[in-house]
Amino acid sequence: YTHGGWYYNEHVTEGLAELPGEIAACSPEVIVAMGNLALWALTGEFGIGNWRGSELWWSPPAQTAQESSVIPVIPTLHPTMLLRKWEAKAAIVRDLKMRVVGKLGKMETRRAPTYRFTIAASVVEVLEMVEALRELAAYQPVSLAVDVETRRSRIACVGFGWSPLDALCCPLMHADGTRHWSPEDEARIGRAIRYLMNEPGVRLGNQNFNYDRQYFAADPVFDFTPKCDFDTMVAQHLIFPGTPKDLTYLSSMYCEHHVFWKDHENYATENVDEHKLWRLNCLDVVKTWEVDAAQQRVLAGLGYACCSAS
């Protein structure tokens, strides 16, 4: 037998068969899945360290499923983890307060937001969106989250986010190493992005930006080192020293809606779904933007003066 790609025996089969009836008898508004086994049984996913804090869903077997039967599932760490690792308390408490109790009676807040992602299909589209952001920055401060995906020691795509929902991804290189644009168009894009990132009214935020900055400096399309106005990873070191700093953890702690999205697929392979990579790039920047804005509020509460997101 398999469930979520994992094999199991007949004893587990019996338990899985009883699960829908037990849930129906309780008719819960939300299910808290504590630990890997509960996460796997309810969703088919595995890896509670990654999936904790995600807003997932459980529905009865397909032959009996009704739209009204779909129930939110919030996975979190098993209580025994807290006994072994007291520092896990912050994540568990946050999951319960923000994702469970904080959204009781607010089913609409559990739905995934409608993102407005633009995957650039033409050089004109890139230039127009970049120029629109530059023009906006001439009149008011603009906070941009920036992220790059890399392969073959080059930037494969660069993304910009300017709200928790809006993002632009500009592809630059395919998995086989071929370039996405002509040399002339690539030069125009690189120049426009360089002007945007150097615009005085633009505030750049990123997650672990020193990694990305070295690629901007080394890639001949850009050939410059961007400024770094705010780094969410560094900010987390300051706010909560000793806690995890990766973007998915920060999303689970700060973002209004969170579902784990990093599948660690090797995007350097030639048979990769590049549209998936570009969408993940957009997700990275909108999540970084939202984490940045939330951390600004925390830092202000701690008495630190900083430039807030627009």
Side-chain angles (χ1 to χ4, degrees), residues 112-140 142-207 209 212-213 215-227 261 263 265-290 310:
T114 302
Y115 293 110
R116 297 181 289 266
F117 292 164
T118 299
I119 310 298
S122 69
V123 64
V124 172
E125 188 172 32
V126 178
L127 297 178
E128 286 182 348
M129 295 192 73
V130 169
E131 183 59 28
L133 289 169
R134 282 192 69 196
E135 290 179 357
L136 181 62
Y139 295 98
Q140 65 183 59
V142 173
S143 288
L144 288 182
V146 189
D147 182 60
V148 302
E149 308 300 335
T150 62
R151 58 165 70 107
R152 299 173 182 257
S153 300
R154 297 286 301 275
I155 294 178
C157 64
V158 55
F160 295 98
W162 53 94
S163 85
L165 302 175
D166 296 284
L168 165 69
C169 174
C170 177
L172 292 169
M173 184 175 66
H174 299 294
D176 62 4
T178 58
R179 307 303 295 178
H180 193 81
W181 312 100
S182 69
E184 295 77 14
D185 287 343
E186 191 171 70
R188 294 170 67 195
I189 290 171
R191 186 163 52 249
I193 289 177
R194 185 166 63 250
Y195 289 157
L196 172 65
M197 296 178 72
N198 284 327
E199 187 72 31
V202 169
R203 173 188 172 279
L204 295 180
N206 187 276
Q207 166 79 4
F209 203 15
D212 291 3
R213 293 172 79 210
Y215 277 92
F216 278 108
D219 198 305
V221 174
F222 302 101
D223 192 27
F224 82 111
T225 303
K227 60 183 178 179
W261 72 96
D263 57 9
E265 183 176 343
N266 182 7
Y267 289 102
T269 59
E270 295 189 14
N271 60 348
V272 70
D273 180 355
E274 298 211 88
H275 286 276
K276 184 177 181 181
L277 171 64
W278 301 335
R279 177 174 171 78
L280 289 176
N281 180 238
C282 288
L283 270 173
D284 283 349
V285 291
V286 296
K287 292 298 184 181
T288 300
W289 194 98
E290 189 174 1
S310 302

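Throughout, residue positions are numbered sequentially from 1 according to the sequence presented.
Every residue two or more places apart in sequence or in another chain that forms a side chain to side chain contact (heavy atoms under 4.5 Å, CB included) with Arg279 is listed here: Tyr115, Phe117. By the side chain to side chain contact (heavy atoms under 4.5 Å, CB included) test, His174 is found to be paired with Asp176, Thr178, His180, Glu274, residues two or more places apart in sequence or in another chain being considered. Contacts of Pro164 classified as side chain to side chain contact (heavy atoms under 4.5 Å, CB included), with partners at least two apart in sequence or in another chain: Trp289, Glu290. With sequence neighbours excluded, the residues satisfying side chain to side chain donor-acceptor pair (under 3.5 Å) with Asp284 are Trp261, Lys262. Partners of Ile119 according to the side chain to side chain contact (heavy atoms under 4.5 Å, CB included) rule, which considers only residues two or more places apart in sequence or in another chain, are Cys169, Pro171, Trp278, Cys282. Partners of Trp181 according to the ring pair (Phe, Tyr, Trp, His ring centres under 6.0 Å) rule, which considers only residues two or more places apart in sequence or in another chain, do not exist here. Listed by chain and residue number, nothing satisfies the salt bridge (Lys or Arg N to Asp or Glu O under 4.0 Å) test with Asp147 (two or more places apart in sequence, or in another chain). Considering only residues two or more places apart in sequence or on other chains, Tyr195 meets the ring pair (Phe, Tyr, Trp, His ring centres under 6.0 Å) condition with none of them. With sequence neighbours excluded, the residues that form a salt bridge (Lys or Arg N to Asp or Glu O under 4.0 Å) with Asp219 are Arg154. In terms of the salt bridge (Lys or Arg N to Asp or Glu O under 4.0 Å) criterion, residue partners of Glu199 (sequence neighbours excluded) are, by chain and number, Arg134. With sequence neighbours excluded, the residues that form a side chain to side chain donor-acceptor pair (under 3.5 Å) with Asp166 are Arg116, Ser163.
Scanning all heavy atoms of the two residues, the minimum distance from Pro113 to Leu165 falls at CB-CD2, 3.6 Å. Taking all atoms of both residues into account, the shortest heavy-atom contact from Ala217 to Thr225 is CB-OG1, 3.5 Å. Of all heavy-atom pairs spanning Val126 and Ala120, the tightest one is CG2-CB, 3.2 Å. Minimum heavy-atom separation, Val285 to Ala167: CG2-CB, 3.6 Å. When all heavy atoms of Phe209 and Phe216 are compared, the pair lying nearest together is CE1-CE1, 4.4 Å.
With hydrogens and angles disregarded, a donor-acceptor distance shorter than 3.5 Å links the side chain of Arg213 to the backbone of Pro226.
Taking CZ of Arg151 as the start and SG of Cys157 as the end, the distance is 7.5 Å to the nearest 0.5 Å. One finds the CD atom of Glu128 at 10.5 Å from the CD atom of Glu135 (value rounded to the nearest 0.5 Å). Here the straight-line distance linking atom OH of Tyr215 with atom CD1 of Ile155 works out to 9.0 Å at 0.5 Å rounding. We find the CG-CG distance between Leu144 and Asn206 to be 11.5 Å, quoted to the nearest 0.5 Å. The CG atom of Leu168 lies 5.0 Å from the CE atom of Met129; values are rounded to the nearest 0.5 Å. Atom OG1 of residue Thr288 and atom CD of residue Gln207 lie 6.0 Å apart, to the nearest 0.5 angstrom.
In this structure, the side chains of Leu172 and Arg179 come closer than 4.5 Å at one or more pairs of heavy atoms. Between Leu196 and Val202 the shortest side-chain heavy-atom distance falls below 4.5 Å. Met197 has its side chain within reach of Phe224: a pair of non-hydrogen atoms, C-beta onward, lies under 4.5 Å apart.
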Requested in this report: Kindly determine whether Asp212 and Val146 satisfy side chain to side chain contact (heavy atoms under 4.5 Å, CB included), including the steps that lead there.
Outcome: CA-CA 9 Å; Asp212 291 3; Val146 189; 5.7 Å; no

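Within the structure, salt bridge (charged side-chain N to carboxylate O under 4.0 Å, His left out) contacts touching residues 188-197 (residues at least two apart or in different chains) are Asp185-Arg188.
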